[in-house]
Amino acid sequence: MAPPVLAWPAAARIGQLRAEMISPTGTPSAAKDRTDEEQHDVQLLMPEVHAAIKDLCDTIEFDLRHEPTAPGLRRRARE
């Protein structure tokens with residue numbers, strides 16, 4: 001089973017959010033509300049992220065299972 005794929009936001013969306021944040025008409029309350037919403041969205045993604053990290057670690061351990069245990073093994077796993 002392939003690990004879950006996390007999508008990056010589009011550059012246009014980032015530009016739009018940046019413009020909203022530096023706009024003099026934006027209210028601090030609206031920015032705080034948006035921050036709360038974004039933090040909630042991040043919390044919803046955490047199980048998916050943790051699953052992807054665990055899958056990656058398991059794959060690395062499986063691929064290196066026949067390697068001798070030595071400091072070089074840690075280096076190869078990082079690579």
Report task. Walk me through it: do I60 and L64 pass the test side chain to side chain contact (heavy atoms under 4.5 Å, CB included)? Result -> CA-CA 6 Å; I60 291 169; L64 298 175; 4.0 Å; yes
Query - Residue pair K32, D36: steps toward the salt bridge (charged side-chain N to carboxylate O under 4.0 Å, His left out) verdict - result: CA-CA 6 Å; K32 289 178 184 177; D36 290 343; over 6 Å; no
**Report entry** Approximate separation, where rounding is to 0.5 Å, of D41 CG and M46 CE
**Finding:** 13.0 Å
Query raised in the report: Going through the checks in order, is the side chain to side chain contact (heavy atoms under 4.5 Å, CB included) test met by T35 and Q39?
Result: CA-CA 6 Å; T35 299; Q39 287 176 341; 3.9 Å; yes
**Report entry** Test item: D58 and K54 side chains (from C-beta on) under 4.5 Å apart, heavy atoms
**Finding:** yes
